[in-house]
Amino acid sequence: MIILGINDTHDASACVINNGKLISAIAEERCQRKKNISGFPHQAIKEVLKEANLSIKDIDIAAVANTNIAHTNLWSLNSDFTVRDFIKFNKDYFYKWLFTKEKPKLRDIFPNYKPKGKFFYPLKKIPFITSYESNKLLDEQLKNLRINYISKFLKIDRSKIFFYDHHHCHAIYSYFYCKKRYSNCIIVTADGGGDGKYESITVIKNNIFKTILASRTNLIGKFYSSITLLLGMNPSRHHYKVMGLAPYCKPYHKNKPLKVFLDALKVKNLSFVKNKDLKDYYFYFKEKLEDSRFDGIAAGLQEFTEIRLKEWFQNISRKYKIKNFIFNGGVANNVKANKFLSEQKFVNSFFVPPGPGDENLSIGAAFAYIKNKLGFKKSKKYIKIIDSAYLGSNISKKDINIFATNKLVKKNYISIKDPNQKKTARLIASGEIIAFCVGKMEFGSRALGARSFVCDPSNLIAKKKLNDLIKKRDFWMPFTPSILKESYSKYIINPKKISSDFMTIAFDTTPLGKKHLKAAIHPEDFTSRPQIVDKKINPKYHNLIKEFKKISGVGAVLNTSLNVHEKPIISKPIDIINEFLSSRANFLNYIYVDDSLYCLKKSKR
C-alpha cells in the first residue's frame, strides 16, 4: 500500500510510505526556497514521489494532517510576515478585538498583502480573515476546499482522503520514529497550537495506546512567541535565538522576568492554569517587562520553561508510574529544556525526533492512517524501523553535471576528485570552511552532514569567519558538533545514553570536549547539541571526520546548516549556485559535492 502524507499548514511537507516503510519526506520550503512556507506541498509531493520511484497514479491513500486549518496558515502569514508586520498584527488587529469594541478586518489592516510563495489552493476562495472569532461554517468551507483540491490534484477519490488531528499526528510520528518501540511510555506534545489545542498526553501501557489529554492550557509556546517578538525577533522562526541568548544573562537580571512568567502560568495536575489577568500574551508581557533587560527576559523565559515543563512531566510520571518519555511539537525544539528534562530522576529515557516542528505532521498523518487501520499492536510490526533522518532529495548524476558545467563554477573553481575525503579533511585541519553536499538531504530543521558547512570545532577564527562572512548569524548563537560515534563519550556527558542522533537535545561537555569542541559549543555554559555520526548511517560524513581526526586528533567537526541566513537549507547543488555564487559577496572557497572538491581559484579570493 502506498500512502502519501500531507501537511498543508505551517512548515508544509509531504512523505511517502510504501508497505510500512518511510521512503521519503521533504518540507515544501526546501523545494520553493521560501522559509517555513505554508500551503499545499505541491512540489514536495512531486519530489517524494520521484525519490520513491512512484507516480501520482500509484497512490492508494492520502493522509492529511490537521482536521482544520487556521486562515493565517493558508495565507502563509506566519512565513511571510516581518517583525514589523507581526507588531502591526498585534496592535491593529488583536488588541482591538480583545480590548476595544472595534472589530477590524485583517484585509483593511494589510490591504496590499500578497503571499510570496506558490500556494496552489485557490486563494481567492479563502477569506483573508474577516473575524478573530472562530467560524464553524468557514472551517467547513476550508476543509471542503482542501478535499476538492487534493482529490483533483492526486486524481484520487474523496473517500481515499483522510484527515487526522494535529497533536495526534505529532504523537504518532514521534513514537514510530523512536527506534525503541516501547510497550510502556508517555508521549507528550506541546506547541503554539494546532486544531485548537496546545498540548496532549498519550500513555502507552502494556501496548495499549491511549490519549488521555488533549487541551489548550499549556501556553509556553505562546509565551515564547510573544517574547521573541517583544525582543525584536520574528516569532515564527526565531525562538531558538532567545534560547541561545539566555545563558549570557547574570542571575540578578532574570529574577524579575522569571517571577512575571511564573506568576502568569502554573501547573495543576496534568494541566496548566493561567493568571486571571492574562487576556493576551504580547501586551501583558510588554507592560510587565518594560523595565527589564533583554538578556534577563530571555533567561527568565528559559528558566520558566524548564521549571514548568519539569513540574508537568513529573506529575504525568507520578500518575502513570512510567519513566520513558517521548516529546514532540514546537516546544520540543527547545534543546536546553530537553536537556533539563532528560536529567531528572523521574526520567529513565527521553527521545525527541528529528524536526519536532510542524514539518513532521505529514509523516504523523500517514502513520496515523496505518495505526487506525491495523490497530496499534499490528502497526508496530507493520511500520518499519527508521534508521536515520536522511529522507530527502538525493543528488543525481544530472544534478552533479548541472553544477559542474555551470558557467560560474567553471569560471571560478578548480575541480579535484576526492572520493576518500582526505584532501577535504586536510583543508579543514588548516582552518578552512567546507560546504559539504552529499547523498540524501536531511529531514527536519537540522543539518546532519548531508547539507552542511563544516570546519575545525576547536578553531575560533574559523568559527568567526563562518559566522560573520558566510552565515551572517547573531554573534551570541552557538554552533554544534558532529562527533564520531567512537569518540562521543570522550566529549559528551550522557550517562542515560539519551539518543543524540538528530541534534534535538543538549548535553554538558567533558573537559576534553570543552577543549576540542570550543568553537562548536555554547561559549557561556559549555553545553552542546551534538550529532553522533555512525559509519553505517552516513559513511562519507563519517569518513571525512575520521580523516580529520587522523590529522588533528579531534574526532568531530563543527557543523551548521548549508544555507544563506533566513533561507532554507539547500536541497540540490544548483541552490549553492543560486544562493551563494550568484552574489560575489557569497563566494565560497571550498565546496564538496558528491566525490569532488571545488576550490575557488586564488585569483578570485
Side-chain angles (χ1 to χ4, degrees), residues 1 3 5 17 19-22 63 65 162 164-191 195 197 199-215 217-218 267-271 309-329 331-332 338 341-354 356 360-361 363-387 495-499 501-502 504-505:
M1 177 177 286
I3 304 170
I17 294 178
N19 292 326
K21 184 177 181 180
L22 178 59
F162 296 85
Y164 297 97
D165 174 78
H166 180 102
H167 282 269
H168 182 66
C169 291
H170 273 323
I172 203 75
Y173 162 81
S174 59
Y175 179 81
F176 283 110
Y177 219 109
C178 185
K179 292 180 183 178
K180 296 179 181 179
R181 299 285 171 87
Y182 292 103
S183 299
N184 296 281
C185 73
I186 296 168
I187 308 170
V188 179
T189 71
D191 59 20
D195 277 326
K197 294 175 284 291
E199 80 270 18
S200 74
I201 301 170
T202 298
V203 175
I204 297 174
K205 203 161 190 176
N206 299 323
N207 272 321
I208 297 174
F209 183 103
K210 185 177 181 181
T211 298
I212 54 94
L213 181 145
S215 187
T217 65
N218 185 343
V267 175
K268 184 177 181 181
N269 299 322
L270 303 187
S271 297
L309 286 178
K310 175 192 171 183
E311 293 171 345
W312 189 38
F313 274 67
Q314 190 167 27
N315 288 352
I316 300 168
S317 182
R318 281 174 179 166
K319 183 173 178 63
Y320 294 99
K321 297 179 172 55
I322 296 175
K323 294 186 175 183
N324 300 318
F325 282 94
I326 296 173
F327 191 28
N328 194 24
V331 176
N338 295 341
L341 289 169
S342 71
E343 293 169 342
Q344 301 307 312
K345 290 182 180 179
F346 62 84
V347 174
N348 281 345
S349 67
F350 193 86
F351 176 72
V352 179
N360 70 57
L361 292 172
I363 305 175
F367 285 161
Y369 173 81
I370 295 170
K371 173 191 163 291
N372 285 15
K373 182 177 176 62
L374 299 181
F376 181 61
K377 288 184 181 179
K378 288 184 179 179
S379 63
K380 285 177 68 173
K381 295 180 180 179
Y382 182 77
I383 296 173
K384 308 298 188 295
I385 297 291
I386 306 165
D387 291 325
K496 294 182 182 179
K497 310 294 184 187
I498 302 294
S499 170
D501 295 343
F502 310 120
T504 52
I505 302 180

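Note: hydrogens, waters and symmetry copies are ignored here, and every other heavy atom, side chains too, is used. Being a predicted model, the structure only gives us computed values, none of them experimental.
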His168 and Asn372: CA distance, side-chain angles, deciding distance, side-chain contact (heavy atoms from CB on, under 4.5 Å) verdict: CA-CA 11 Å; His168 182 66; Asn372 285 15; 4.3 Å; yes

Candidate pair Thr211 and His167, rule side-chain contact (heavy atoms from CB on, under 4.5 Å), full reasoning: CA-CA 10 Å; Thr211 298; His167 282 269; over 6 Å; no

Phe313/Gln344 under side-chain contact (heavy atoms from CB on, under 4.5 Å): CA gap, chis, key distance, verdict: CA-CA 10 Å; Phe313 274 67; Gln344 301 307 312; over 6 Å; no

Worked verdict on Phe376 versus Ile208 for side-chain contact (heavy atoms from CB on, under 4.5 Å): CA-CA 7 Å; Phe376 181 61; Ile208 297 174; over 6 Å; no

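In terms of heavy-atom proximity, Pro353 sits nearest to Thr504 at O-CG2, 3.3 Å. Across every non-hydrogen atom of Ile505 and Ser342, the tightest pair is CG2-OG, 4.4 Å. Minimum interatomic distance between Tyr382 and Ile370 (heavy atoms only, all atoms of both residues): CD2-CG2, 3.6 Å.
With a 4.5 Å cut-off on side-chain heavy atoms, Phe209 and Thr202 count as touching.
Applying the salt bridge (charged side-chain N to carboxylate O under 4.0 Å, His left out) test to Asp191 and every residue at least two apart in sequence or in another chain returns nothing. Annotation: side-chain contact (heavy atoms from CB on, under 4.5 Å) contacts of Ala366 (sequence neighbours excluded): Ile3, Cys15, Ile17. Shown here are the salt bridge (charged side-chain N to carboxylate O under 4.0 Å, His left out) partners of Asp195, two or more places apart in sequence or in another chain: there are none. Applying the side-chain contact (heavy atoms from CB on, under 4.5 Å) test to Lys384 and every residue at least two apart in sequence or in another chain returns Lys21. Not a single side chain to side chain donor-acceptor pair (under 3.5 Å) links Asn218 to another residue, sequence neighbours left out. Contacts of Lys496 classified as salt bridge (charged side-chain N to carboxylate O under 4.0 Å, His left out), with partners at least two apart in sequence or in another chain: none. Under the salt bridge (charged side-chain N to carboxylate O under 4.0 Å, His left out) criterion, Lys197 pairs with Asp165, sequence neighbours left out. Thr217 meets the side-chain contact (heavy atoms from CB on, under 4.5 Å) test with Glu199, Ser215, Ser271, Phe272; sequence neighbours excluded. Residues meeting the ring-ring contact (aromatic ring centres under 6.0 Å, His included) test with Phe502, sequence neighbours left out: Tyr177. The side-chain contact (heavy atoms from CB on, under 4.5 Å) search around Lys373 returns Met1, Tyr369, not counting sequence neighbours.
One N or O on the side chain of Asn338 and one on the backbone of Ala332 form a donor-acceptor pair closer than 3.5 Å. Although no hydrogens or angles enter the test, the distance criterion places no donor-acceptor pair under 3.5 Å between the side chain of Asn184 and the main chain of Asn324.
Rounding to the nearest 0.5 Å gives a distance of 10.5 Å between SG of Cys169 and CG of Asn328. Expressed to the nearest 0.5 Å, how far CD1 of Ile363 lies from NE2 of His170 amounts to 12.0 Å. Here the straight-line distance linking atom OG of Ser174 with atom CZ of Phe351 works out to 7.5 Å at 0.5 Å rounding. Atom-to-atom distance recorded for Ile326:CD1 and Cys178:SG is 4.5 Å, nearest 0.5 angstrom. Rounding to the nearest 0.5 Å places CZ of Phe346 at 7.0 Å from NZ of Lys310. Taking OG of Ser349 as the reference point, atom CD1 of Ile498 lies at 6.5 Å (rounded to 0.5 Å).
Ring pair Tyr164/Phe162 is parallel by interplanar angle, where below 30° counts as parallel and above 60° as perpendicular.
Within the structure, the salt bridge (Lys or Arg N to Asp or Glu O under 4.0 Å) test picks out the following pairs touching residues 174-185 (sequence neighbours left out): Lys179-Asp501.
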Side-chain donor-acceptor pairs under 3.5 Å in residues 315-323, sequence neighbours left out?
unit_1	atom_1	unit_2	atom_2	d
Asn315	ND2	Asn269	O	2.8
Ser317	OG	Ile322	O	2.8

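Ring-centre distance between Phe367 and Tyr175: not below the 6.0 Å cut-off.
When Leu341, Val352, Ile187, Val188 are each tested for a side-chain contact (heavy atoms from CB on, under 4.5 Å) with Phe325, only one passes: Val188.
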